[in-house]
Q: 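Starting off with a structure, shown below.
Position 1 is the first residue of the sequence; numbering continues from there.
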Amino acid sequence: MQAALLGLAAFAVFATHDVIIKLLGSSYSAIQILFFGALLSFPIITVILMRDAQPGTLRPKHPGWIALRSLSGSFAALGAFYAFSVLPLAQVYAILFAAPLLITLLAIPILGETVRLRRGMAVLAGLCGVIVVLRPGGTDFGLGHAAALVSAVTGALNSIVVRKIGAEERTVVMILYPMMTNFVLMGIALPFVYRPVPLVDFGLMAIVSAMVLVAMALLIMAYQRGEAVMVAPMQYSQILWAALFGALFFDEYPDTATFIGAGIIILSGLYILRREAGSDASSNQPVLRTRTRVGLPAGPRVGSFMKRTRKDDA
């Protein structure tokens, strides 16, 4: 129960974080928000990294995989931030919820995972749910929808890469390279989209950075107190926060198709989690061991810190 409640609290913080992103997105580019988010995260993340006593250098053992993780993490965050700024919250969440389905698919070629008929059917049903949300031909497919899909795909890829190399790379390497990549890429693009930032908005960007760390801390405590199968499903509570916050702050009222599609995706994701929890269903448990929400700025990951508490890597 403690694990589930802490998981709910973590994803409530994430949902509030996304509301602020949406508010800022009405005035600033997602690139600018990400850049300042990375910049304001540096002091706290640096202190965390300084506590890493694991011996070794900052040279990655798997430079290619680290590069892929760094780039995919940056594009996942950029896509999610842009989607939040132009689409209803509930619709973005419904698309991002497809990440576990994509993780299951990507685990086949990258991790050598065997996906049998039941999980395969669950993935197919979930992807049909995505189609219901997008409603091809029934609504305008815009850049925001494409950005959310890119975020789901690259976020899933990022999670699989972490799952593949997380046990072999130092925590500091797993955090530092993606964080620097995000900072550099957004910094290069910043002059093309920059707008002056009043002190109030700068404070909101600082709050965004702090909320990611608070949510991560809550997730770490959740996973320390309970099994992943109890914590992971709590991410789907964000659809409820999206409906509430969307109505309160943005006059958003998702249509029936969005909720139906989201329901299909959520049920598929829950079934995959249940199957992975079975002793003979999965040798890798790629979805269960993906412990950070898709669409966060590249850099710190819950799994990296869990290694320091002698838990399984994610």
Side-chain angles (χ1 to χ4, degrees), residues 1-28 30 33 37 77 79-100 126 129-130 132-135 139 142 144-145 147-149 151-152 155 200-201 203-219 221-222 230-270 273 292-297:
M1 183 60 70
Q2 284 185 354
L5 290 175
L6 285 166
L8 282 172
F11 287 107
V13 174
F14 280 135
T16 308
H17 161 280
D18 297 335
V19 169
I20 299 176
I21 293 298
K22 188 172 181 65
L23 289 170
L24 290 170
S26 63
S27 302
Y28 306 99
I33 299 170
F81 277 32
Y82 178 77
F84 281 126
S85 69
V86 298
L87 294 179
L89 288 169
Q91 198 168 75
V92 178
Y93 282 135
I95 297 172
L96 294 183
F97 286 165
V130 175
V132 172
V133 173
L134 295 177
R135 298 187 298 284
T139 185
H145 300 91
L149 286 171
S151 180
V200 172
D201 289 349
L204 288 176
M205 292 180 185
I207 291 173
V208 163
S209 299
M211 292 184 83
V212 171
L213 297 176
V214 170
M216 280 179 52
L218 289 168
L219 274 182
M221 289 189 288
M230 290 294 297
V231 180
M234 298 303 109
Q235 65 176 306
Y236 297 122
S237 65
Q238 291 174 112
I239 197 72
L240 301 177
W241 290 111
L244 176 61
F245 289 150
L248 286 177
F249 301 119
F250 306 108
D251 198 30
E252 295 175 353
Y253 299 94
D255 57 18
T256 303
T258 297
F259 282 116
I260 292 175
I264 296 171
I265 297 167
I266 290 170
L267 289 174
S268 301
L270 290 174
L273 286 169
T292 304
R293 196 196 69 171
V294 166
L296 289 182

Q: To the nearest 0.5 angstrom, please state how far the OH atom of Tyr93 sits from the CG atom of Leu87.
A: 13.0 Å
Q: Kindly compute the distance separating CD (Gln235) from CG (Leu219), expressed to the nearest 0.5 Å.
A: 9.5 Å
Q: For residues 256-266, please give each side-chain donor-acceptor pair under 3.5 Å, one per line with the distance, not counting sequence neighbours.
A:
{"from": "Thr258", "atom 1": "OG1", "to": "Asp255", "atom 2": "OD1", "distance (Å)": "2.8"}

Q: Classify the ring geometry of Phe14 against His17: parallel below 30°, tilted from 30° to 60°, perpendicular beyond 60°.
A: perpendicular
Q: Can Leu218 and Val13 be said to form a side chain to side chain contact (heavy atoms under 4.5 Å, CB included), step by step?
A: CA-CA 9 Å; Leu218 289 168; Val13 174; 3.9 Å; yes
Q: List the steps and the verdict of side chain to side chain contact (heavy atoms under 4.5 Å, CB included) for Trp241 and Asp18.
A: CA-CA 10 Å; Trp241 290 111; Asp18 297 335; over 6 Å; no
Q: Please name the pair of heavy atoms, one in Ala152 and one in Val294, separated by the smallest distance, quoted to 0.1 Å.
A: CA-CG1, 4.2 Å
Q: Using the side chain to side chain contact (heavy atoms under 4.5 Å, CB included) rule, take Met221 and Gln2 through it: C-alpha gap first, then chi angles, then the decisive distance, then the call.
A: CA-CA 9 Å; Met221 289 189 288; Gln2 284 185 354; over 6 Å; no
Q: Checking Lys22 against Phe250: charged group under 6.0 Å from the ring centre and within 45 degrees of the axis?
A: yes
Q: Please find the pair of heavy atoms, one from Gly37 and one from Ser209, that lie closest to each other, and give the distance.
A: O-OG, 2.9 Å
Q: What pair of heavy atoms forms the shortest contact from Ala90 to Pro254, and how long is it?
A: CB-CG, 3.4 Å
Q: Rounded to the nearest 0.5 Å, what's the gap from CD1 on Ile239 to CD on Gln91? Could you check?
A: 9.5 Å
Q: Got a second to check how far Ile21's CD1 is from Phe84's CZ, nearest 0.5 Å?
A: 8.5 Å
Q: Does the Ser27 side chain pair with the main chain of Leu23, one donor and one acceptor, at a distance under 3.5 Å?
A: no
Q: Should the heavy atoms of other residues, nucleotides or ligands under 6.0 Å from CE of Met230 be counted, would the total exceed 12?
A: no
Q: Do you know which two heavy atoms are closest between Pro233 and Leu270, and how far apart they sit?
A: CB-CD2, 3.5 Å
Q: Do any N or O atoms from the side chain of Glu252 and from the backbone of Leu89 form a donor-acceptor pair under 3.5 angstrom?
A: yes
Q: Tell me the closest heavy-atom pair linking Ala83 and Val92, and the distance in Å.
A: O-CG2, 3.5 Å
Q: Quick one: are Ser151 and Leu96 in side-chain contact, heavy atoms under 4.5 Å?
A: yes
Q: Starting at CG of Leu204, measure out to OH of Tyr28 and round the result to the nearest 0.5 Å.
A: 8.5 Å
Q: Enter the distance from Phe11:CZ to Gln238:CD here, rounded to the nearest 0.5 Å.
A: 6.0 Å
